[in-house]
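Have a look at the structure below before the remarks.
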Amino acid sequence: MQTAANPLMPIPGLIDPVPVPRAVTPREDGRVDLMGLSRPQIKGVLEEAGLDQKQAKLRSKQLFHWLYHRGETDFDAMTDLAKPMRGWMAERFVVGRPEVVEAQVSSDGTRKWLLRSDDGQDYEMVFIPDADRGTLCVSSQVGCTLNCRFCHTGTMRLVRNLTPGEIVGQVMLARDALGEWPKGSMASANDDEADDASQYSPDGRMLTNIVMMGMGEPLYNFDHVRDALKVVMDGDGLALSKRRITLSTSGVVPMMARAGEEIGVNLAVSLHAVTKDVRDELVPLNKKYGIEQLLQACADYPNANNARRITFEYVMIKDKNDSDDDARELVRLLRQYKLPAKVNLIPFNPWPGTDYECSTPERIRAFSTIVFEGGISAPVRTPRGRDIMAACGQLKSASEKKSRAELDRLAAEKQAALG
């Protein structure tokens with residue numbers, strides 16, 4: 001079964017009374033949910049249920065294929081299992097999916113799902129279709145321990161980490177909705193939607209990329225994120241290449257090297273400022289791990305090279321971080337640390353209660369030009385899903401509502417905890 005390991009490093013500050021790690025809540029019917037389990041873990045639960053080692057090894061391989069390659073949730077449809085074995089499994093196990101509370105579609109085709117866990121916690125995921133790819137933005141926590149001032153999610157308290165099953169479940173649910181399982185799978189959506197997939201990639205998949213950029217800081221849920229992504233990358237299952245997965249961090253420096261070594265996916269860093277004072281305000285974690293520490297950790301990130309550049313996310317906020325001097329300093333810093341870098345310039349996405357404004361298009365273009373002329377790619381990201389609050393920095397459970405005074409008090413608590 002899945003268990004929540006003790007965190008490798010503490011969440012900064014005792015700001016949330018709810019314990020962050022969470023073991024999987026036992027189901028009322030006593031069955032074990034297989035979602036998110038690796039092959040060795042599936043083999044383990046089969047042995048616990050009474051199968052001998054040889055049988056458990058064979059059945060775990062079959063189950064892994066049905067769960068993650070075919071997207072099957074019904075044991076009766078697993079045709080290479082004998083009928084008595086299917087019934088035996090159905091009595092003891094279940095293949096779950098997150099509960100969908102609400103599904104929205106933006107005018108630009110972006111989709112957002114509000115999901116609910118079995119213990120009643122809400123979190124969100126977003127799918128962004130493009131001409132040549134489809135990217136799923138996956139959450140790693142319910143809420144967030146950080147307080148990035150430009151980010152709507154940062155106004156939430158951290159409730160708990162998502163389990164590997166809840167992380168993998170987001171990918172499975174997206175593939176269900178996009179009709180991406182092989183024909184004959186019980187999880188397939190309607191044929192018309194599935195047929196449309198061919199325009200996105202040669203193998204007919206719409207979901208081609210994953211970004212760990214949803215709610216939460218992935219490196220403060222390291223074990224669960226690592227275990228979930230290993231399931232997603234397994235060649236006998238979902239088989240998504242590590243080159244098509246990006247993990248985004250606000251700068252949890254002590255965990256970055258381990259992420260490169262143990263997960264090996266692409267790295268994105270929420271930079272957003274080039275001076276201490278401004279980054280302290282926008283990304284308070286900077287008070288704990290400063291810009292110099294962060295950039296050195298980027299320079300040391302395993303396997304970063306010109307073919308696998310580190311992406312620096314930079315939200316453009318009017319009169320805060322968008323001057324020509326800021327752009328020149330950004331170029332200087334990236335050159336100083338000899339980083340294989342790409343800068344994503346993100347127009348600030350407004351949300352209710354924010355004090356910030358987006359930089360003008362002219363200012364963003366001028367900033368981008370300076371960075372490009374410094375020899376660093378600096379494309380401007382087109383905002384997607386703004387009309388359904390699905391754009392970068394806008395994710396936040398609709399059930400979480402606080403007054404302005406409560407938001408200010410929470411921000412003060414988080415900043416005090418970060419020191």
Side-chain angles (χ1 to χ4, degrees), residues 6-16 20 140-141 143-151 153-156 158 161 211-213 215-226 246-263 265-304 309-315 317 320-321 326 329-330 332-344 346 393 410-419:
N6 290 330
L8 295 170
M9 60 183 297
I11 300 299
L14 301 175
I15 57 177
D16 292 295
V20 175
S140 58
Q141 296 179 311
C144 188
T145 191
L146 305 178
N147 184 44
C148 299
R149 296 306 296 266
F150 59 88
C151 179
T153 314
T155 66
M156 299 177 66
L158 175 66
N161 289 334
V211 291
M212 296 299 304
M213 295 182 184
M215 295 168 64
E217 165 55 65
L219 294 187
Y220 278 140
N221 187 14
F222 182 85
D223 285 359
H224 289 179
V225 168
R226 176 199 58 205
T246 300
L247 184 149
S248 178
T249 179
S250 292
V252 185
V253 167
M255 301 303 293
M256 289 170 61
R258 283 197 64 194
E261 293 162 0
E262 298 183 30
I263 307 175
V265 297
N266 301 319
L267 180 68
V269 174
S270 295
L271 188 61
H272 307 306
V274 293
T275 65
K276 173 176 170 47
D277 288 347
V278 176
R279 195 164 192 269
D280 280 354
E281 175 188 338
L282 296 180
V283 187
L285 187 62
N286 194 66
K287 298 177 182 180
K288 193 176 183 80
Y289 308 115
I291 293 175
E292 292 78 12
Q293 287 177 276
L294 174 58
L295 295 180
Q296 185 59 55
C298 291
D300 296 338
Y301 189 74
N303 301 315
R309 293 174 293 175
I310 295 173
T311 299
F312 289 90
E313 308 285 354
Y314 198 99
V315 64
I317 301 176
K320 180 61 65 174
N321 63 353
D326 289 322
E329 177 64 5
L330 177 59
R332 188 194 69 79
L333 285 170
L334 297 181
R335 282 181 168 177
Q336 176 184 339
Y337 287 87
K338 299 178 181 179
L339 292 169
K342 168 187 173 182
V343 178
N344 266 351
I346 307 168
L410 178 58
E413 288 177 359
K414 289 186 175 183
Q415 287 186 338
L418 287 168

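Just so it is clear, the values below take in all heavy atoms, side chains as well, and ignore hydrogens, waters and symmetry mates.
Contact check for Leu339 versus Phe312: side-chain heavy atoms found under the 4.5 Å cut-off. In this structure, the side chains of Tyr337 and Glu292 come closer than 4.5 Å at one or more pairs of heavy atoms. Counting heavy atoms from C-beta on, the side chains of Leu333 and Leu271 never come closer than 4.5 Å. In this structure, the side chains of Val278 and Lys320 come closer than 4.5 Å at one or more pairs of heavy atoms.
Here the side chain of Tyr289 pairs no donor or acceptor atom with the backbone of Pro254 at under 3.5 angstrom. The backbone N or O of Glu313 sits less than 3.5 Å from a side-chain atom of His272, completing a donor-acceptor pair. Asp326 places no side-chain N or O within donor-acceptor distance of the main-chain N or O of Val274, the cut-off being under 3.5 Å.
For the residue pair Asn221/Glu217, the side-chain donor-acceptor check at 3.5 Å is not satisfied.
Of all the heavy atoms in Ala268 and Thr246, the pair that sits closest is CB-CG2, 3.7 Å. Taking each heavy atom of Ala304 and Pro340 in turn, the nearest pair found is C-CG, 4.0 Å. The two residues Gln141 and Gly216 have their closest heavy-atom pair at OE1-CA, 3.3 Å. For the residue pair Val225 and Pro218, the shortest heavy atom distance occurs at CG2-O, 3.7 Å.
Note that the CG atom of Asn303 and the CG atom of Asn266 stand 10.0 Å from one another [nearest 0.5 Å]. The structure places CG of Leu295 at 9.0 Å from CD1 of Ile310, a figure rounded to the nearest 0.5 Å.
With salt bridges taken as basic N to acidic carboxylate O contacts below 4.0 Å, none links Arg258 and Glu261.
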